[in-house]
> 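Encoded as structure tokens, here's the structure I'll be asking about.
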Amino acid sequence: MQLTPPGSGCSVVLGDGLSPMAPGTLQGLQLVVNDVRAAHAELRSRGVAVSDVQVLGPQGPRPATAADDLNHVGFIFLKDPDGNGWAVQQITARP
């Protein structure tokens, strides 16, 4: 299965036998969204075990607050059903 977000030049390919890697061994996969809080709410509403929204800064991760500008620093983390690790990052504007 190939998933391509609307307007994206990138896709995620999921399937059986595509790689010799064992399920659950791939970590650090990253997706970018416009609104990490909305993505968090959507995933939670579908029953996905996902971390709280976090801000990654020079001092390390901390819980996001309502006042935080999450552009480039807002993340959520989850594992897919095989155990692979995903990070979802908010990028709303590029410098």
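Source: prediction; values computed, not measured.
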> Would a hydrophobic clustering, with Ile, Leu, Val, Met, Phe, Trp and Tyr connected at side-chain separations under 4.5 Å, put L78 with V33?
yes
> Counting C-beta onward and ignoring hydrogens, is there a side-chain heavy-atom pair between Q27 and W86 closer than 4.5 Å?
no
> Any salt bridge between R37 and D52, counting N to O under 4.0 Å?
no
> Assigning hydrophobic clusters by single linkage (Ile, Leu, Val, Met, Phe, Trp, Tyr; side-chain heavy-atom cutoff under 4.5 Å), is V55 placed with I91?
no
> Test of understanding: clusters of I, L, V, M, F, W, Y form through side-chain heavy atoms closer than 4.5 Å, transitively. Do L70 and V88 belong to the same one?
yes
> Quick check: is L29 connected to M21 through a chain of hydrophobic side chains (ILVMFWY, heavy atoms under 4.5 Å apart)?
yes
> Is V36 reachable from V48 through a run of hydrophobic residues whose side-chain heavy atoms are each under 4.5 Å from the next?
yes
> Return the CG to OG distance between L43 and S51, rounded to the nearest 0.5 Å.
10.0 Å
> Would one find more than 12 heavy atoms of other residues, nucleotides or ligands at under 6.0 Å from atom CD of Q2?
yes
> Between D68 and R62, is the closest basic N to carboxylate O distance under 4.0 Å?
yes
> Would you say the side chain of L26 lies within less than 4.5 Å of the side chain of D82, judging by non-hydrogen atoms?
no
> Answer whether the closest heavy-atom distance between the side chains of D35 and Q90 falls below 4.5 Å.
yes
> Under a 4.5 Å cut-off applied to non-hydrogen side-chain atoms, are F75 and V53 in contact?
no
> For a quick check under 3.5 Å, do T92 and N34 share a side-chain donor-acceptor pair by atom type?
no
> Is any side-chain heavy atom of H40 less than 4.5 Å from a side-chain heavy atom of V50?
yes
> Taking Q89 for its side chain and H72 for its backbone only, find out whether a donor-acceptor pair lies under 3.5 Å.
yes
